[in-house]
Amino acid sequence: MITIRKARGIPIGLALALAVMSHTAHAQAQSGSDASMPDQVETGERAERTSGADITPYIEASQVISAQLQLGDDVLTYTQLAAGVDATIAGRNSSASASLRYEREIGYGDAVDSDTVSGIARASVGLLRRGITLEAGGLASRTRVEANGFSSIGAVGGNDDASSQIYSIYAGPSIQTRSGPLEISGSYRLGYTRVDTSDVLVTAPNEAPVDIFDDSVNHNAAIRFGAAPGTVAPIGIGIGAGWNRQDISNLDQRIEDRYVRGDVTLPVSPNVALVGGVGYEDVEVSSRDALLDGDGAPIIGNDGRLVTDESGPRQIAYETDGLIWDVGVMWRPSVRTSLEAHVGRRYGSTTYYGSLSYAPNANSSLSVSVYDNITGFGGQLTDALDLLGSDFQAARNPISGDLGGCVIGAEGNNCALAQLNSLRSSVFRNRGVAASYSVTGRRTSFGIGVGYDRRSFIGAENTVLADVDGVIDESYYIAANVSRQLDRKSGISAGAYASWFNGGSGTLGDGFGYSASIAYNRNIWRGLTGVAAIGLDGVSRDNLPDYSAASALLGLRYTFD
């Protein structure tokens, strides 16, 4: 069965604005704690950062052929015209990286014409010497979305009419300063995320597609006052507060989360400290019901999403308030290594979170994050962008031009796109682990990311969302890319992505999305480069036919000096 949807467009100017904005705001600990040892790692990184700008605009013209191997035997050909820019800018107190691309595909025969804007970027700009920084981040990407919400960036393929667009942007100030022995830190972030669904979603017989996320606005603010160990007391002490609000357009869902807490830091050696905190938190998730027809069935709009009953009362789906606490350990043996692990109680149950950052040299890094929070898709995506490093090289599929699951960077969690997974609109408790490793060298660059993501959805009783309350979606992913400069005139690059999805409801069952490609480029004359590439993209589903396609590209790129 084919479900027809009316897709909404987004102006190219807005899409470029969404893509060009970027950064990574200082990540707030999962329990709302900012207790920490002196930030030696950040100081060391700033000391090594050199000023300069590397801005590389380019244009491309290519011919592509794509052959369906499963779910049909069509062979499509189209011309691909593209313009883009890759940029890295570094200053004493500011830094930015961006990869932006506009692509026009001109189809022949059954191939369709299309326009695609994609980009990922991050910027951090120091405004004053008092430690105020403006931070921003953004993403525009194409993905394939299944009717059960499974999203696979590796299964789009060139000229695929089942693809959807995702846009996300956030910005806000942060401050890190001191007044005598008192350390003051704070931040505010305003974010917006939107998903434009494809015109066609494939569903199983008699199976309605899940409600796909539309758009959301999220606010995140935190402030902390503290004193380091040995300043006003033998132990470090601090007090902080935070606020997180997300407004999701689907059924007017809302997350309201407020907390206040105190924390202590007890050094047990020059490199190890025990930390703990206790506080009060109030969390509420609410929504409205769907508009019903005369037979009591929910009404679905032209965009394929449930229509909200604006006149109905707001209903509570989840609420908890009371004591929160956690204890943990922090280990910082050098400016390049940082580890912390916490266990405590939050959201009425046990919580675990932590992180590992290891940078053996200026060109390589390992990042691991364990997380636990209540969020929506938009908040989860901006949080993933928030952990992106400030100096990276975007990895793109050489045929479709789409962004890969990871970027190659020397700091941060570089696999924001690999964490898309389910695009259900419902609020969820999100737990999982994400890890990435990157190496950047003069001739060889390499990046890999792996992760596990678990989402337990929340819905109010006596509403249409009651059917998803307690439903669990799980996913695993791996993404890798490598590039090698063979000689002065030629190079080779390869990338692969795979994600496994276990949907908690419906008859579509599990899903497996994958993508692999390899490209060879050779400098022809003064910035003119020839490119040849082959690739394979696909998705496997339990109760629907599999889809796969093989593609090949031959083209030219001109890079402006």
Side-chain angles (χ1 to χ4, degrees), residues 24-49 92-93 124 130-131 133 174-187 222-240 261-279 325-344 351-371 387 389-391 409-413 433 435-439:
T24 286
H26 299 298
Q28 174 186 337
Q30 295 294 326
S31 71
S33 170
D34 274 326
S36 63
M37 299 169 69
D39 198 347
Q40 298 171 316
V41 176
E42 182 181 353
T43 303
E45 288 171 350
R46 287 182 176 177
E48 293 182 0
R49 186 176 291 156
R92 182 176 180 182
N93 297 311
S124 177
R130 297 290 294 177
T133 304
S174 66
I175 182 172
Q176 184 118 20
T177 187
R178 63 169 54 245
S179 177
L182 191 65
E183 299 173 350
I184 305 170
S185 61
S187 64
I223 190 168
R224 179 180 182 272
F225 302 88
T231 54
V232 298
I235 62 173
I237 54 175
I239 185 170
R261 58 172 283 140
D263 56 72
V264 296
T265 304
L266 174 62
V268 295
S269 78
N271 302 322
V272 177
L274 301 179
V275 295
V278 63
W325 62 268
D326 62 81
V327 293
V329 61
M330 304 184 70
W331 178 53
R332 291 191 177 179
S334 71
V335 297
R336 295 191 173 276
T337 303
S338 176
L339 170 69
E340 59 178 283
H342 301 258
V343 61
T351 183
Y352 307 91
Y353 68 93
S355 64
L356 168 66
S357 175
Y358 174 57
N361 53 59
N363 299 318
S364 63
S365 70
L366 170 68
S367 176
V368 181
S369 174
V370 178
Y371 51 88
L387 297 176
S390 63
D391 182 5
E411 59 181 80
N413 186 337
V433 57
S436 65
Y437 177 69
S438 297
V439 177

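Each residue takes its place number in the sequence, starting with 1. Excluded from the calculations below are hydrogen atoms, water molecules and symmetry mates; all remaining heavy atoms, backbone and side chain alike, are included.
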S.K.: Hey, could you give me the CD1/OG distance between I175 and S185, rounded to the nearest 0.5 Å?
M.R.: 9.0 Å
S.K.: Roughly how far, to the nearest 0.5 Å, is NE2 of H342 from OG1 of T351?
M.R.: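 NE2 of H342 is found 10.5 Å from OG1 of T351.
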S.K.: Can you find a heavy atom in the side chain of V327 that is under 4.5 Å from one in the side chain of L274?
M.R.: no
S.K.: Can you confirm whether S355 sits close enough to Y371 that some side-chain heavy atom of one is under 4.5 Å from a side-chain heavy atom of the other?
M.R.: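 Sidechains of Y371 and S355: no contact.
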S.K.: Please identify each residue that fulfils side-chain contact (heavy atoms from CB on, under 4.5 Å) with L182, with sequence neighbours left out.
M.R.: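 With sequence neighbours excluded, L182 shows a side-chain contact (heavy atoms from CB on, under 4.5 Å) to I184, F225, given in chain and number order.
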S.K.: Looking at P234 and P229, what are the two nearest heavy atoms and their distance?
M.R.: O-CB, 3.6 Å
S.K.: Would a 4.5 Å heavy-atom cut-off, applied to side chains only, mark V368 and Y358 as touching?
M.R.: no
S.K.: So which heavy atom on V275 is nearest to which on M330, and how close?
M.R.: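 Smallest interatomic distance, heavy atoms only, reads CG1-SD, 3.6 Å.
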S.K.: T337 side chain to S334 main-chain N or O, any donor-acceptor pair under 3.5 Å?
M.R.: no
S.K.: Is there side-chain contact between D263 and R224, with heavy atoms separated by less than 4.5 Å?
M.R.: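 Answer yes - side chains close enough.
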S.K.: I need the minimum non-hydrogen distance between V370 and Y352, along with the two atoms involved.
M.R.: CG1-O, 4.1 Å
S.K.: Mind listing the closest non-hydrogen atom pair of R332 and S338 along with its distance?
M.R.: NE-OG, 3.2 Å
S.K.: Flag the pair R261 / D326 as yes when at least one side-chain heavy-atom distance between them is below 4.5 Å, and no otherwise.
M.R.: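 Answer yes - side chains close enough.
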S.K.: Please report the shortest heavy-atom distance between S364 and Y437, naming the atom on each side.
M.R.: CB-OH, 4.2 Å
S.K.: How long is the straight-line distance from OG of S357 back to CG of L339, given to the nearest 0.5 Å?
M.R.: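 OG of S357 is found 10.0 Å from CG of L339.
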S.K.: Within a strict 4.5 Å, meaning less than it, do heavy atoms of the Q176 and T133 side chains meet?
M.R.: no
